[in-house]
Amino acid sequence: MDYLMRQAREVAQQQFGKGIYLRGLIELSNVCRNNCLYCGIRCSNCHIGRYTLTADQVMACCEQGYDIGFRTFVIQGGEWDEQRSPWIAELIQQIRQRWPDCAITLSLGEHPRETYAMWREAGADRYLLRHETHNRRLYSLLHPQEMSHAHRLQCLDWLKELGFQVGCGIMVGAPFQTIDSVVDDIEYLIAFGPHMIGMGPFIPQRDTPLGRFPAGSVDLTARLYAILRLAMPMALIPSTTAMATLAPDGRLRGILAGANVVMPNLSPTDTRQLYALYNNKASLGAESAQGIKMLADELSSIGYHIDWSRGDAPTQP
Ligand code: SAM
């Protein structure tokens, strides 16, 4: 394990030095039309209050983030019906006009190709859509019947064709996941060649059908970061919030396994607890944009520092 981690770190440092890219995460809405069996914002969870930020609130989050030094905004939320897609396009345009030097990342689920094209045209640069698993049987155990594994993969192909920097990935230790299915995921990731790889441990959410399954492991997630860093040296790999939620040193363990991105929360503080994907989700301290000094101190304790640039995916020489 030590050898694997050391090799992964060396490869990450050859590519990115000891700088860690920042992304400011804005959780746009916990309204979702989907009913994923593991997710706290699934549409049939009636135990959470629903919210959607206004465009003004999103702009205020970006403004605060820009002043702190963020140059990437990630707009993430539940999956909405298509009639709201033009509203998102307008929001993207507003952010793009106001902060032309920033990257705009979306993570808003599955949509028709035309919608993705409209958002790209409006100025979005990147899109995160975890494939969740490449194993069709496992996909069907984690999602309701009306959701299709083939469609999720199709969306990823569209996003790439449209020129987005694309991120995909999995929940590690999801219920019913096996090592064989994780190996399938590694093979898919290498074949698809995403710019970003979003992976975090599964964490149960008490009001979901899978809420009694055990959480995934920080160790296995870190091991996967390391393996994928070695397989894909240029990939942008965040050390995710779920890592920080499961272990106090989870974020740093991810970085020491070759991850090179962190995504502090820029959402308004009063909506953070409503974006309850899983139990006890971290959103304060070094996990929040306001705790940036704490994050910088944490990073420097292991010899790393914040890289304040936009942090685009490096291109193949
Ligand atoms: N709706 C968009 C989508 O489907 O991609 C973005 C929001 S979705 C909540 C973001 C990610 O949260 C999912 O891709 C999933 O991997 C992760 N997630 C949801 N529930 C989780 C849980 N219980 N434990 C860990 N990760 C979870």
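By convention here, the first residue in the shown sequence is residue 1. Whatever order the structure lists ligands and atoms in, that order sets their numbers, starting from 1. The structure presented is a predicted model; accordingly, all values stated were derived computationally and were not measured.
- In the vicinity of Arg130, heavy-atom distances shorter than 4.0 Å reach the ligand 1 atoms 14 (O), 15 (C), 16 (O), 17 (C).
- Proximity to Arg152 (heavy-atom distance under 4.0 Å) selects the following atoms of ligand 1: 3 (C), 4 (O), 5 (O).
- Residue Ile203 has at least one N or O atom closer than 3.5 Å to an N or O atom of ligand 1.
- Not a single heavy atom of Cys36 lies less than 4.0 angstrom from ligand 1.
- Each of Asn135, Ile170, Thr133 was evaluated against Gln177; a single residue qualifies, Ile170, per the side-chain contact (heavy atoms from CB on, under 4.5 Å) test.
- Considering backbone and side-chain atoms together, Tyr278 places no N or O closer than 3.5 Å to any N or O of ligand 1.
- Ser309 places none of its side-chain heavy atoms less than 4.5 Å from the side chain of Arg71.
- With sequence neighbours left out, Thr178 forms a side chain to side chain contact (heavy atoms under 4.5 Å, CB included) with Asp180, Ser181.
- The side-chain tip of Lys160 points at the ring of Phe192 from less than 6.0 angstrom away and within 45° of straight on.
- The closest approach between any non-hydrogen atom of Gln205 and ligand 1 is not below 4.0 Å.
- Taking only non-hydrogen atoms, the option from Leu106, Leu142, Leu277, Ile170 nearest to atom 9 (C) of ligand 1 is Leu277.
- With contacts defined as side-chain heavy-atom distances shorter than 4.5 Å, the pair Tyr38/Tyr278 does not qualify.
- Here the protein heavy atom with the shortest distance to atom 13 (C) of ligand 1 is Glu132 OE2, 3.3 Å.
- Looking at Ser29, Gly77, Cys32 and measuring to atom 1 (N) of ligand 1, the nearest heavy atom belongs to Gly77.
- Take Pro144 and apply the side chain to side chain contact (heavy atoms under 4.5 Å, CB included) test, not counting sequence neighbours, and it matches Asn35, Leu37, Glu146, Met147.
- Polar contact check, Tyr275 against ligand 1: no nitrogen or oxygen pair lies under 3.5 Å apart.
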